[in-house]
Amino acid sequence: MTDTKPTDDTETGDTIVPAAPTEFGLIQVFWGDGKGKTTAAMGMGLRAAGRGFRVHMLQFMKGGADSIDDRPGEYRAIDALPGFSYENTGHYGWHGFRDGSDDDDHAAQARAGLDRARTIVDACAAADLSAPIPLDAEPETGVHMLILDEIVYAGNRGLIDTDAILDLLDSAPDSLELVLTGGHEDPDWLVDAADLVTNVRKVKHPIEAGQSARKGTEY
């Protein structure tokens, strides 16, 4: 049987055991034209998982690229970390780019991602988030932190109705930590609903000098 008794670092040393947060419940947003939005969200997920909290990342709009010839490094790391899971509902390529992908398919995949997010949020509303959740539990049983990666991009691009995203946030239980990322355009429709909004601005990027995505930094 999985031990779900909350413990602190002095009791467990370096062992990660299921625990429950006492101060979760904020909505955080990372947007902008700079690199690091998903990286910041996953960094918070890493911290939460390291405390024994159950974390799930649902990715929109990320279905692969020709420059990536193997499984991204972040997926490998998440697989090795107790309590952190992920799934990808994105379509191959990027919406609005001439990469052979179909924009209608992107919209359908984004809507499917929103439906999946609703399922998880509803599960969180039915769960006791003040209690530890087994680290290997399916996200349908509830999580303490839900990362919706690139959902802001999907909303800004009109692939998902922004009112539907706001309804999703409004339906979330008070103790669920929500982290939203994506988009280069200002998500002014989201600001009032969020507790934290960070604009990740680009000052300089190596892609402008012809640098392609590098294994271990971009994937």
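Everything numeric here is computed off the predicted structure, so don't read it as measured data.
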Ring pair (Phe, Tyr, Trp, His ring centres under 6.0 Å) contacts touching residues 16-51 (sequence neighbours left out): F24-F53
Exercise: identify the closest heavy-atom pair between I16 and G52: CG2-CA, 3.9 Å
Test ring pair (Phe, Tyr, Trp, His ring centres under 6.0 Å) applied to F60 and Y153, step by step: CA-CA 8 Å; F60 295 71; Y153 179 99; over 10 Å; no
Which atom of V152 lies closest to which atom of P187, heavy atoms considered: CG1-CB, 3.7 Å
M145 side, atom CE; Q28 side, atom CD - distance, nearest 0.5 Å: 6.5 Å
Pairs satisfying salt bridge (Lys or Arg N to Asp or Glu O under 4.0 Å), at least one member in residues 162-175, at least two apart: none
Enumerate donor-acceptor pairs with a distance under 3.5 Å from any side-chain N or O in residues 189-200 to protein atoms, sequence neighbours excluded.
residue, atom, partner, partner atom, Å
W189, NE1, N156, OD1, 2.8
D195, OD2, I27, N, 2.8

Main-chain N/O of A131 paired to H144 side chain as donor or acceptor, under 3.5 Å: yes
Reported CE-to-CD1 distance for the pair M57 and I147, which is rounded to 0.5 angstrom: 6.0 Å
Which atom of P132 lies closest to which atom of A20, heavy atoms considered: N-CB, 3.6 Å
Close side-chain approach of Y86 to D149, heavy-atom, < 4.5 Å: no
Side-chain heavy atoms of L169 within contact of L180, under 4.5 Å: yes
Nearest atoms (heavy-atom pairs only) where A123 meets P139: CB-O, 4.2 Å
Check: E138 and S85 side chains under 4.5 Å, non-hydrogen atoms: no
Contact summary for L159 and A110, nearest pair of heavy atoms: CB-CB, 3.9 Å
pair C124-V143: side-chain heavy atoms closer than 4.5 Å: yes
Residue pairs involving residues 115-125 (criterion salt bridge (Lys or Arg N to Asp or Glu O under 4.0 Å); sequence neighbours excluded): E87-R116, D115-R118, R116-E140
Pairwise salt bridge (Lys or Arg N to Asp or Glu O under 4.0 Å) hits with a residue in residues 29-44, at least two apart: K35-E218
Euclidean distance, L148 CG relative to H56 NE2, rounded to 0.5 Å: 9.0 Å
Minimal non-hydrogen separation, A48 against V55, with atom names: CB-CG2, 3.6 Å
Residues in side chain to side chain donor-acceptor pair (under 3.5 Å) contact with S175, at least two apart in sequence or another chain: none
Cluster overlap I151 with L26, hydrophobic side-chain contacts below 4.5 Å: no
From M42 atom CE to T181 atom OG1, the distance as rounded to the nearest 0.5 Å: 9.0 Å
Rounded distance (nearest 0.5 Å) linking atom CZ of R54 with atom CG of L146: 10.5 Å
Inter-residue atom distance L46.CG - E74.CD, 0.5 Å rounding: 12.5 Å
Contact check, side chains of E177 and M44, non-hydrogen atoms, under 4.5 Å: no
Heavy atoms from other residues, nucleotides or ligands near CD of Q211 exceed 12 (cutoff 6.0 Å): yes
